[in-house]
Every structure is written in structure tokens, then in C-alpha cells.
Number of protein chains: 2
Amino acid sequence: MDVQRLELLRELAERHSITEVARATHRTPSAVSQQLKVLEREAGLPLTERSGRGLILTDAGRALARSATNVAVALARATAVWDEFRNDATGEVSLVTFPTAGEMLLPGALREVAAVPGLVVNCTDKDPELSDFPALTAEFDIVLAYSLRGQLPWGGRGLTVVPLMTEPLDVGLPADHRLATRTWLTPADVVGETWIGAPHGYPFERILHQIEQKAGSPVIVAQQFADLRVIEAFVVAGLGIALVPRYTWGGDQPGRLVLKPLRGVDAERQIVALMRPDRAERLAVRTVVDVLRTEAARVQATHAAIAPAP
Amino acid sequence: MDVQRLELLRELAERHSITEVARATHRTPSAVSQQLKVLEREAGLPLTERSGRGLILTDAGRALARSATNVAVALARATAVWDEFRNDATGEVSLVTFPTAGEMLLPGALREVAAVPGLVVNCTDKDPELSDFPALTAEFDIVLAYSLRGQLPWGGRGLTVVPLMTEPLDVGLPADHRLATRTWLTPADVVGETWIGAPHGYPFERILHQIEQKAGSPVIVAQQFADLRVIEAFVVAGLGIALVPRYTWGGDQPGRLVLKPLRGVDAERQIVALMRPDRAERLAVRTVVDVLRTEAARVQATHAAIAPAP
DNA sequence: ACATCCATGTAGCTAAGCTACACACTCCCT
DNA sequence: AGGGAGTGTGTAGCTTAGCTACATGGATGT
């Protein structure tokens with residue numbers, strides 16, 4: 001069976017539209033349609049069926065698309081093998097990050113990457129809801145994503161996930177707050193406070209729910225911001241307290257914002273690299289991921305040194 | 001990378017000659033040569049080098065050929081997936097067997113296979129030396145082979161090996177032999193006898209060596225035959241004793257030939273199905289192998305019932 | 001030294017797969 | 001209801017990858 005056609009089917013499984021597949025593969029929709037029709041004839045059973053004006057895969061189609069992924073992985077691994085033979089981690093790698101990880105990891109990582117000649121990394125930042133991370137793998141080689149402990153929204157979807165670090169989420173307080181002298185806090189300590197929260201779909205929301213459950217009373221969320229800088233400004237202004245990622249909080253509020261660890265709830269997030277399995281095999285991609293891993297370890301070690309965990 | 005070209009490289013790794021690859025893939029040598037040249041240009045480094053009038057693979061070429069096998073496996077698995085969807089174990093499967101296994105397993109197995117419409121099995125028999133079994137996988141989908149315990153001549157070569165049964169090798173005696181009343185024998189019992197052996201490269205030879213080692217004196221091998229029927233005839237004629245596979249000995253010498261188990265040496269052989277990994281994934285091939293496995297179990301159970309092991 | 005077997009060039013053809021355009025269908029919005 | 005914008009799918013025609021047929025040059029062995 002022709003592997004190109006399988007590839008098209010696999011793209012269709014992700015993009016849910018022939019037009020989109022055509023755009024992604026630099027082809028005409030007609031060409032895609034024709035090739036899928038040939039594939040269907042060879043298979044001898046329907047792989048797609050119309051649903052409204054788009055079309056969706058049948059069970060057989062989905063199963064075949066899954067196999068197609070394995071083929072793509074084997075193929076990518078083959079090209080990686082000979083890239084290794086030439087020691088040639090060359091090419092373009094596209095990466096999308098959420099803001100805080102971009103700030104924390106990318107500058108250091110890209111400095112390392114610059115040492116590899118011919119390796120180009122194109123970065124963008126997006127601030128998606130938690131559930132939207134997997135969809136980005138269709139567009140980008142590497143997706144920096146986060147999740148809370150135990151929660152794996154990208155499990156079972158056949159994506160490759162490489163853990164980079166786990167980052168504690170502390171409680172950010174103004175320096176003159178009544179709790180600012182404590183070494184650590186419990187849900188009961190903070191449940192009565194006014195909170196600066198995050199919009200729906202962001203993980204911090206879940207931790208506030210945990211605090212409510214542990215303390216037995218609801219928290220008061222005054223504002224909801226996606227941008228951490230804004231949140232920090234509000235905290236410093238005394239308008240509330242907030243959950244702040246320990247390694248990521250801004251140095252632009254020195255002395256005016258203090259972080260206190262939270263005990264009794266799983267207050268940490270996992271930062272991972274999320275990839276389509278075939279793309280994860282490319283030597284250039286693997287090189288970038290390796291750099292990210294060491295950079296993450298470096299950041300974590302640095303913070304542990306200057307402020308040892310309680 | 002084009003998978004067809006990788007396939008050609010893989011064939012070249014096995015057949016060691018462009019002409020042979022061309023013959024096997026129904027192409028002209030020129031076409032094969034051109035495609036390999038394209039592959040080499042894409043790879044950016046030499047994959048083959050001339051050796052005399054033929055050519056051999058470079059290290060890079062071999063590594064790439066190995067990856068090509070994984071691609072072929074993934075691809076074969078994909079076509080198997082949709083064959084399963086259609087419940088369509090159709091096609092031709094070629095099989096080569098050594099004589100005794102062919103006699104023991106194939107009639108029953110092919111009767112089972114006949115129940116699957118559209119599944120055709122083409123069988124041949126060959127009586128190769130032990131070391132020649134792997135080469136046959138280039139030509140046949142399934143190779144029935146045997147090996148002694150602990151010995152795996154086809155390990156590390158990337159072949160798929162499915163165990164079918166382990167068959168004890170007993171000592172065949174004429175019915176009026178002085179040892180014919182014993183229930184089992186030791187190396188010391190039989191080392192002084194005159195033996196009918198097998199030619200070089202056959203596994204029985206190794207067991208005779210083991211007998212010599214255990215008993216401490218050399219055995220006398222009078223004749224060397226490959227065909228078991230001939231051996232049995234010589235034994236019945238009182239010209240010597242011989243190692244005889246327990247499940248395979250002929251019923252054409254009823255009462256005139258008795259088998260006695262041998263203790264103290266590893267007197268058994270493993271009968272396995274040997275396949276190229278990609279071919280092993282074909283649904284039709286897997287179906288035939290499954291039938292062979294159950295048939296082997298049936299034969300083994302039947303013998304255990306009529307003559308329980310000591 | 002000649003015959004033989006090999007890989008590999010070159011010219012030319014066939015057919016797979018693309019684009020461009022036209023058409024049919026579903027949805028949504030006024 | 002009825003366009004308009006979205007979808008997938010046919011048809012005609014072209015481009016080119018990849019094949020065959022034949023010729024060439026190097027290595028082997030008698």
C-alpha cells in the first residue's frame with residue numbers, strides 16, 4: 001500500500017476536513033479526494049462517510065489511520081537513523097509555548113540550540129485552554145504544555161509526551177500581608193482570602209476547587225486574568241492573593257511579592273513537550289527536546305539552590 | 001523518503017546482488033540501480049560499494065536497511081489491520097519444510113487451511129543444512145526449521161521465529177535388540193553400538209557428540225544418511241541403531257522398530273516457523289502459522305496419549 | 001585473451017498524480 | 001425562503017517519476 005495515501009488518511013483523522021488536509025500538504029482538495037478514493041478502493045470498504053458538509057472517518061478508517069501513524073513513525077525513525085550517520089540535526093523545528101514556559105525555558109534553550117549549525121527553531125506563544133494543547137500538535141512540531149498531577153488530557157490520543165519538569169504552584173502574597181512571615185500555608189489559612197484567579201479552562205482553577213474541598217468553604221475569586229504579570233500587579237497592589245508558579249514569577253516586583261508553598265493540596269503542574277509521534281522521531285526535533293530537558297533541569301536546580309524547598 | 005526505494009535496499013541486503021533483487025521484484029536491473037542511486041543521493045552518503053563484480057552494503061546502508069525492515073513491518077501490519085476488518089485472510093502463502101515436519105504436520109494443517117476460502121498455500125520440501133534455513137526466508141513466506149535446545153542459529157538476524165513444538169529424539173532399535181526391553185537408555189548404554197548417522201550439518205550429529213562426551217568414549221558411525229526412511233530400514237536390518245524423532249518415525253516398520261528415550265543428554269529438537277518479520281504480519285501468513293501451531297499441539301497430544309513419556 | 005557475469009548509463013514511453021475548473025450538496029444568516 | 005460561503009467530488013489536461021530496451025565498461029575465471 002502506498003504510504004503517501006496512508007499519510008493523507010492520517011492527516012484527515014486529525015484535521016477532519018479534506019480542505020484542511022489539502023492546505024497542510026500543499027495540494028488541491030481535488031487531489032486529496034482522488035487519492036483517498038483510490039485508497040478506499042484498494043481497501044475494499046468505506047473509510048470515510050459524509051457528515052453535514054464535512055466528512056468523518058469510519059471505524060475502519062480510524063483503525064487504518066492508527067496504523068498509518070506507526071508507519072510514519074517507522075519512516076521518521078529511518079530518516080533519523082541516517083541523519084545520525086551524518087551527524088546532521090539540520091532543519092526547521094516549529095515550537096509553540098505558553099507564556100510562562102517561554103519566558104523560563106526558551107531563552108536559555110535557544111542559546112544552546114544556536115550552537116548546532118543548521119538547526120533553526122521557530123517559536124510562537126499561545127495561551128490556550130488546557131484541552132486545546134493536543135490540537136496544536138497538528139500545526140507545530142513541539143508543543144510545550146502543562147497539566148496538573150494525575151490529569152493527563154493527552155493520554156490515549158497517541159501523542160508522544162516528554163516530561164520536562166514539575167513546577168510547584170505557590171501562593172503569592174504582598175510583602176506586608178499577615179501571612180507573609182509564615183514558611184508554608186494550608187488550605188484553611190488561605191480559603192478566607194480574596195483571590196485573583198484564572199479564566200475557565202486553566203489549571204489553577206482546579207487547585208482552588210481543591211482548597212475549597214479541603215477547607216470546607218468556598219473561596220472568593222475577585223478577578224480572572226490569563227496573564228501572570230497582571231495577576232502579580234494586582235497582588236502587589238493588595239487587591240488579593242493568587243497562585244503563582246514558583247520558577248516563573250517575575251523578578252520585576254522584587255521585595256514586594258513573596259511566595260509561600262501550599263501544603264495539603266497537589267499544588268504543582270507538570271510541564272511537558274507534546275508531539276505527534278512521527279515528528280518526535282526527527283533528529284532535529286529530538287535534539288531540541290533534549291536541550292529543553294537539560295535547560296529545565298538547570299532552572300529547577302538553580303531555584304532549589306537559592307531557595308531550598310521547605 | 002520513498003518506501004519503495006527502502007524496500008529495494010532491504011532486498012539488496014538479503015540478496016547481495018542487484019540482478020537478484022531485480023528478478024525478485026520483477027524489474028530490470030537498470031531500474032533497481034537507478035532507484036538505489038536516487039536513494040543514495042537523498043541520503044547524502046554512499047550506501048553501497050563495489051566488491052568484485054557484485055556490490056555490498058556500507059555500514060550506513062546496513063543500518064538503513066534495518067530501519068527499512070521496521071517500515072515494512074509497520075506497513076504489513078497496516079494491511080493486516082484492514083484485512084482483519086474485512087475478515088479476509090486471502091492470498092497465496094509459500095511454505096518450505098524439511099521432510100519429517102512436512103510428513104507430520106502438513107497433511108492435517110492443509111486440511112484445516114482448505115476451510116478458509118481464498119487462502120492458498122504452496123508447499124515445497126527441502127532438506128537443507130541447519131545454517132541454510134535463514135536464507136530460505138528470502139524466497140518463502142514460512143520456513144519450517146528445527147534446532148537443538150539452546151542453539152538459535154537464527155537469532156540476531158532480525159527474523160521472526162514462532163515455536164511450534166519440541167520433539168524428543170529417541171534411540172531406534174531393531175525389535176530383537178538386546179536393549180529393546182529397557183524403558184530408557186543412557187549414553188553409556190548406547191556408546192558401544194554401531195550407529196547410522198546423518199551427514200554433516202544435521203543436528204543429530206551434535207547429539208552423538210554429547211553422547212561421546214558423557215560416556216567418555218567415541219561412537220562408531222557406520223553410515224550417514226539424510227533420509228529417515230533409509231535410516232529406519234538399516235536399523236531394522238540390524239546394521240546399527242540411530243536417533244529417530246519420536247513423532248515422525250514411520251509406521252511402515254510396525255513391530256520391527258522400537259524407540260527408547262535417551263536420558264542424560266538434551267535429546268530433542270525444536271520445530272519452529274521462521275519468517276521475515278514483514279511477511280509474518282500478513283493476515284494470511286498468520287492464519288497459516290496459527291493452524292500449524294494447533295496442528296503441532298494436536299500431534300503432540302496424540303502421541304502423549306498413546307505412549308506417555310517415561 | 002576471450003567469454004561471462006555484473007552494475008550502470010541513455011533514450012523513450014507509460015501512467016500515476018497533480019492543477020484548474022465546474023458542479024452538487026449542506027449549513028447558516030437575513 | 002433564498003442567496004452565500006462553506007464543503008467534497010467529478011473531468012480534462014499536463015508534468016514527471018519510474019519503467020524497459022539496449023549499449024557500455026569493469027571484474028572474474030577458464
Side-chain angles (χ1 to χ4, degrees), chain A residues 1-58 60-62 64-65 68 71-72 75 79 135 138, chain B residues 1-58 60-62 64-65 68 71-72 75 79 135 138:
Chain A
M1 255 346 65
D2 188 41
V3 70
Q4 299 255 36
R5 287 194 259 266
L6 282 180
E7 198 65 16
L8 289 180
L9 187 70
R10 193 166 68 92
E11 291 285 346
L12 183 61
E14 288 184 355
R15 303 191 194 270
H16 309 295
S17 143
I18 286 205
T19 314
E20 274 307 305
V21 174
R23 203 187 325 272
T25 58
H26 309 290
R27 267 184 271 241
T28 328
S30 178
V32 176
S33 178
Q34 288 172 48
Q35 292 309 308
L36 286 178
K37 191 141 293 267
V38 173
L39 187 66
E40 210 163 45
R41 261 203 352 189
E42 289 174 328
L45 41 78
L47 301 175
T48 64
E49 57 185 343
R50 310 204 55 142
S51 151
R53 54 183 159 187
L55 44 72
I56 57 177
L57 294 182
T58 62
R62 258 187 303 278
L64 202 49
V71 175
L75 212 45
T79 86
Chain B
M1 253 341 67
D2 188 41
V3 70
Q4 299 254 39
R5 287 194 259 265
L6 283 180
E7 198 65 17
L8 288 180
L9 186 71
R10 194 166 68 91
E11 290 285 346
L12 183 61
E14 289 184 354
R15 304 192 194 271
H16 310 295
S17 145
I18 286 206
T19 312
E20 272 309 305
V21 174
R23 202 188 324 272
T25 59
H26 308 292
R27 269 184 271 240
T28 34
S30 180
V32 176
S33 178
Q34 289 172 48
Q35 293 308 310
L36 286 178
K37 190 139 293 264
V38 172
L39 187 66
E40 211 163 45
R41 262 202 355 187
E42 288 174 328
L45 40 79
L47 300 175
T48 63
E49 57 185 344
R50 313 202 52 143
S51 151
R53 54 184 157 188
L55 45 71
I56 56 176
L57 294 183
T58 63
R62 258 188 303 278
L64 202 50
V71 175
L75 212 46
T79 85

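Here is how names work: the chains are called A, B, and so on, in the same order as the sequence lines, proteins then strands, and each is numbered from 1.
Between the side chain of B:Thr25 and the backbone N or O of B:Val21 there is at least one donor-acceptor pair closer than 3.5 Å. Between the B:Ser17 side chain and the B:Glu20 main chain, a donor and an acceptor come within less than 3.5 Å of each other. A donor-acceptor pair under 3.5 Å is formed between the side chain of B:Thr58 and the backbone N or O of B:Gly61. A donor-acceptor contact shorter than 3.5 Å is absent between the side chain of A:Arg5 and the backbone of A:Leu39. A:Arg15 places no side-chain N or O within 3.5 Å of a backbone atom of A:Ala22 that could act as its donor or acceptor partner.
Each of D:dT9, C:dC18, C:dA7 was ranked by its minimum atom distance to the side chain of B:Leu55; first place goes to C:dA7. Here C:dT8 is the nucleotide among C:dC18, D:dG10, C:dT8 with the atom lying nearest to any side-chain atom of B:Ile18. The side chain of A:Thr19 has D:dG8 as its nearest neighbour among D:dG10, D:dG8, C:dT8. The B:Gln35 side chain lies nearest to D:dC19 when the options are D:dG8, C:dG9, D:dC19.
Among the heavy atoms of the strands lying under 4.0 Å from B:His26 are primed sugar atoms or P, OP1, OP2 only; no base atom is included.
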- Query: Pairing of DNA chain C as dot-bracket, 5' to 3': ( ) intra-strand, [ ] crossing, | other strand, . unpaired, with Watson-Crick or G-U pairs under 3.5 Å?
  - Reply: ||||||||||||||||||||||||||||||

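Map B:Ser17 and A:Arg5 each onto its nearest nucleotide of DNA chain C; the residue landing nearer the 5' end is B:Ser17.
Side-chain N/O atoms of B:Lys37 include one lying less than 4.0 angstrom from OP1 or OP2 on C:dG9.
In this structure, CG on A:Leu47 lies 13.0 Å from CD1 on A:Ile56, to the nearest 0.5 angstrom.
Not a single donor-acceptor pair, N or O on each side, falls under 3.5 Å between the base of D:dG8 and the side chain of A:Ser30.
With contacts defined as side-chain heavy-atom distances shorter than 4.5 Å, the pair B:Thr48/B:Glu40 qualifies. When side chains are defined from C-beta on, A:Leu8 does not count as touching A:Ile18, because their heavy atoms never get closer than 4.5 Å.
With sequence neighbours left out, the salt bridge (charged side-chain N to carboxylate O under 4.0 Å, His left out) criterion links A:Arg27 to no other residue.
Applying a 4.0 Å cut-off to non-hydrogen atoms, the residues of residues 39-53 of chain B that approach DNA chain C are B:Arg50, B:Arg53, listed by residue number.
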